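Single-structure report; data block below.
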Amino acid sequence: MGGKYKKQWACVTLFSLITAALCGACGNVMTGASGNVPETEAAGQVQPDGDLPAWQTYAGDPVTLDWYINYSWFSTPWGENLVSQTITEETGVDIHFITPLGNESEKLNALIASDSLPDLITLGWWEPQVSEMTENGMVYALNELADSYDPYFWEVSDPVAVNWYTTDDGNIYAYPNSSITPQDVEQCEDLSSNQTFLVRKDIYEAIGSPDMTTPEGFCAAVKKAAEMFPEVDGEPLIPIGAHVFDNEGNVSFDKYLMNFLAIPWEKDGVYYDRYTDPEYFRWLKVFRQLGEEGYLANDIFVDTRTQMEEKVAQGRYFCMLYQYSDMLTQQKILYANDPDSIYMAVEGPRNANGDDPLRPTTTINGWTVTLISKNCKHPERAIAFLDYLMSEHGQLLTYLGVEGVTYDIKDGKPVLRDNIKQLLDTDRAAYDREYGADDAYWMLQDNVMQLQWKQEPSPATAQLEEWGRKYVVYNGQYDVVFDSGSKEASEEDKITKLWSQTLPALLMAPSEEEFDTLFEEFIEKRDELGYTDVMEKKTAYMNSAKEKLGIQ
């Protein structure tokens, strides 16, 4: 059975009829250049059997593909663990990963400028290089490669995602992972949001499990935690944790906080300015006040992701607005050392009305997209390889591993073996080195399809995963990425950079008066950079996306 049908089954039904309404639609505001498949095939290439997925025909013909992953933190090698070895054995494809050592954008921009893109490229769907590569004719149209080399693509791809990513020229150049539709959110009870407010369990309970939904309760809890637990295993407690500060700001202190405060993305059919919402303004001042009193540690302003992960594993944060999926490995380390020292999700900051938070899951855009470069000497192998990973067979392998080795079939369902689950729950690094499943290779993961094989969660993470299903909403109609090089893209880029410089200054402002001055300057400069124009374009896109997605 094709993967897309299994995906439908996993959620009872996935409303694929929306495809008809979406035909020819373009979810991203980018256009494409013709993808043109090669006119001649490489000498000696095995010809695929039209009745089989192409990867089955190619399996005995080894080839190596270079795959650029636009994340410096990705470090799982290929060929050393069970999953990657099995994939190579079944497809004939060996992978050479390329990752940036430093700044991701600089590395990718250099590859583009020198026309030295590797065979496959995976990056965030929102990155401007997606449209840049497409518009400059640097990547193949996946639909043309599929029609020429592997029609299996049309069986395993999600028709809704295909239509969403189809550009104005009728081609699709990028395919997403973790793509979720509005209908998935409505019909799949097991879908969750990563965005959580976390507290260290033992400290939270020791201070009386206080209500932290109000500014008063939040401040009191942070101060009491710092007073009772100034150190953790000889290291200073970090009262408030957050994602890293980057060139876009800090998602904990902007987007996540806004979502917890239930600040809408639109009002009266117009894209809403969430940054000037009174509730957000009020809570930013709460954090500023805590900073003035010494409760915002310098660490949170300078730490890299790696440094933060080390401190999570040490349990040094009292509370965090954070993506729980980003700290599951560290959570299991804490649990192994002391089950009471783990982090738990609780109700976090709320607006003055006490409204439930708006916690988005991933959207139809997904998380990352993968493209095939025109530098690829074996595009027929690349499309067949992607189709393999997108298929039900590929998804089961990358999620649970190999039957008889990592899992067994019991009562018709795959169940992880106890020793495998034990290793996964206690030493993720060792698990990846030996087995490499559980989406260690996440580049084409299909979260909805994988729900049908969902395993019992680890006791270290069960509470986080259960809480993640609360308050989930779909907000993909508000995801806007302007064409690379466009006036709006340039304006928004400058505004975003301005915000990334302003946010830490606001949080570290020595007084409320200084905070107000900095914020007023931000608004003034933002307007000068073309903010009104950007918001008008976002409103137009939002309304178009809502129509294409059937959202009222």
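The shown structure was predicted, so the numbers you read here are calculated from the model rather than taken from an experiment. The basis for the numbers below is simple: all heavy atoms, side chains too, and nothing from hydrogens, waters or symmetry mates. Quick note: residue numbers are just sequence positions, from 1.
- Listed for the Asn136 side chain is no donor-acceptor partner under 3.5 Å among the backbone atoms of Met138.
- If you run ring pair (Phe, Tyr, Trp, His ring centres under 6.0 Å) between Tyr71 and each of Tyr68, Phe74, Trp73, only Trp73 comes through.
- Residues forming a salt bridge (Lys or Arg N to Asp or Glu O under 4.0 Å) with Asp355 (at least two apart in sequence, or on another chain): none.
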Show, in sequence, the C-alpha distance, side-chain angles and deciding distance for Ile263 and Tyr272, and conclude whether the side chain to side chain contact (heavy atoms under 4.5 Å, CB included) test is met. CA-CA 9 Å; Ile263 297 173; Tyr272 183 55; 3.7 Å; yes

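- With contacts defined as side-chain heavy-atom distances shorter than 4.5 Å, the pair Thr461/Tyr324 does not qualify.
- Taking 4.5 Å as the limit, some side-chain heavy atom of Val448 sits within range of a side-chain heavy atom of Cys188.
- Residue Thr166 comes nearest to Val162 through the heavy atom pair OG1-O, 2.6 Å, listed as atom of the first residue, atom of the second, then distance.
- Leu237 places none of its side-chain heavy atoms less than 4.5 Å from the side chain of Pro230.
- For the pair Arg350 and Tyr471, the cation-pi test (distance below 6.0 Å, angle within 45°) is passed.
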Evaluation steps, side-chain hydrogen bond (donor to acceptor under 3.5 Å, both in side chains), between Ser490 and Asp493: CA-CA 5 Å; Ser490 176; Asp493 182 63; over 6 Å; no

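- Trp367 and Trp442 have tilted rings, their planes meeting at an angle from 30° to 60° on a 0 to 90° scale.
- Side-chain polar atoms of Ser325 and Asn194 form a donor-acceptor pair below 3.5 angstrom.
- Scored by the salt bridge (Lys or Arg N to Asp or Glu O under 4.0 Å) test, Lys538 finds Glu492 as partners (sequence neighbours excluded).
- Closest non-hydrogen pair, Leu65 versus Cys376, comes out as CD2-SG, 4.3 Å.
- Checking side-chain atoms of Ser193 against main-chain N and O of Pro360 turns up a donor-acceptor pair under 3.5 Å.
- Residues satisfying the ring pair (Phe, Tyr, Trp, His ring centres under 6.0 Å) criterion with Phe281, sequence neighbours excluded, are Phe515, Phe519.
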For residues 111-123, run the donor-acceptor check on the side chains, cut-off 3.5 Å, and write out each pair with its distance to 0.1 Å, sequence neighbours left out.
unit_1	atom_1	unit_2	atom_2	d
Ser114	OG	Ala110	O	2.8
Ser114	OG	Leu111	O	3.4
Ser114	OG	Ser116	OG	2.5
Asp119	OD2	Asp66	N	2.7
Thr122	OG1	Trp67	NE1	2.8
Thr122	OG1	Thr370	OG1	2.7

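- Of the residues listed (Leu549, Asp479, Asp158), the one engaging Ile364 in a side-chain contact (heavy atoms from CB on, under 4.5 Å) is Leu549, and it is the only one.
- In terms of modelled atom types and a separation under 3.5 Å, the side chain of Asp184 and the main chain of Ile180 share no donor-acceptor contact.
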Worked check of side-chain hydrogen bond (donor to acceptor under 3.5 Å, both in side chains) between Glu292 and Ser511: CA-CA 7 Å; Glu292 182 183 352; Ser511 67; over 6 Å; no

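- Listed for the Arg200 side chain is no donor-acceptor partner under 3.5 Å among the backbone atoms of Ile342.
- For the pair Tyr175 (side chain) and Tyr165 (backbone), a donor-acceptor distance under 3.5 Å is absent.
- Remark: the Asn109 side chain and the Gln129 side chain contain an N/O donor-acceptor pair separated by less than 3.5 Å.
- For the residue pair Asp439 / Gln450, a side-chain donor-acceptor distance below 3.5 Å is found, with atom types taken as modelled.
- In this structure, the side chains of Met542 and Val480 stay at 4.5 Å or more apart for every pair of heavy atoms.
- At least one donor-acceptor pair under 3.5 Å links the side chain of Ser458 to the backbone N or O of Ala460.
- For Tyr295, the ring pair (Phe, Tyr, Trp, His ring centres under 6.0 Å) test picks out no residue, with sequence neighbours left out.
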Which atom pairs, one a donor and one an acceptor, fall under 3.5 Å between side chains of residues 209-225 and the rest of the protein, sequence neighbours left out?
unit_1	atom_1	unit_2	atom_2	d
Asp211	OD1	Thr213	N	2.8
Asp211	OD1	Thr213	OG1	2.6
Asp211	OD2	Thr213	OG1	3.4
Thr214	OG1	Gly217	N	3.0
Lys223	NZ	Glu293	OE1	2.9

Working note: Glu347 + Lys470, criterion salt bridge (Lys or Arg N to Asp or Glu O under 4.0 Å); need CA distance, chi angles, decisive distance, verdict. CA-CA 10 Å; Glu347 301 290 346; Lys470 299 173 67 174; 3.1 Å; yes

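- In this structure the side chain of Tyr343 reaches within 4.5 angstrom of the side chain of Gln331, judged on heavy atoms.
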So Glu104 and Asn70, side-chain hydrogen bond (donor to acceptor under 3.5 Å, both in side chains) or not? Walk me through it. CA-CA 6 Å; Glu104 285 89 350; Asn70 196 43; over 6 Å; no

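- Counting only heavy atoms from C-beta outward, the side chains of Arg526 and Thr276 approach each other to under 4.5 Å.
- A salt bridge does not link Arg288 to Asp516: none of the charged nitrogens lies less than 4.0 Å from a carboxylate oxygen.
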Verify ring-ring contact (aromatic ring centres under 6.0 Å, His included) between Phe522 and Trp499, making sure each step is shown before the conclusion. CA-CA 7 Å; Phe522 166 70; Trp499 173 248; 5.1 Å; yes

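- Panel note: side chain Arg316, backbone Val232; no donor-acceptor pair is recorded below 3.5 Å.
- Looking at Thr398, its side chain never comes within 3.5 Å of a backbone N or O of Tyr441 through a donor-acceptor pair.
- A distance-only check finds no donor-acceptor pair linking the side chain of Asp446 to the backbone of Ser178 [under 3.5 Å].
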Would Asn475 and Arg359 count as a side-chain hydrogen bond (donor to acceptor under 3.5 Å, both in side chains) here? Give the steps. CA-CA 9 Å; Asn475 74 330; Arg359 300 179 59 237; over 6 Å; no

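- Within the 4.5 Å cutoff, side-chain heavy atoms of Asp438 are placed close to those of Tyr431.
- Under the 4.0 Å criterion applied to side-chain N and carboxylate O atoms, Arg274 and Asp254 are not assigned as salt-bridge partners.
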Dump the intermediate steps for salt bridge (Lys or Arg N to Asp or Glu O under 4.0 Å) on Glu266 and Lys546, then the final yes or no. CA-CA 12 Å; Glu266 68 168 293; Lys546 287 167 66 176; 3.0 Å; yes

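- For the pair Phe482 and Lys537, the minimum side-chain heavy-atom distance is below 4.5 Å.
- Using a distance-only test at 3.5 Å, with no hydrogens or angles considered, no donor-acceptor pair links the side chain of Glu512 to the main chain of Lys285.
- To the nearest 0.5 Å, atoms CG (Leu334) and OG (Ser341) are separated by 4.5 Å.
- Taking each heavy atom of Arg305 and Val244 in turn, the nearest pair found is N-CG1, 3.5 Å.
- If you look at Phe253 and His243, their ring centroids are not closer than 6.0 Å.
- Residues Leu529 and Leu498 approach most closely at CD1-CD2, 4.1 Å, considering heavy atoms.
- Ser179 and Pro176 get closest at one heavy-atom pair: CB-CG, 3.9 Å.
- The pair Arg282-Glu279 meets the salt-bridge criterion, since a charged nitrogen lies less than 4.0 angstrom from a carboxylate oxygen.
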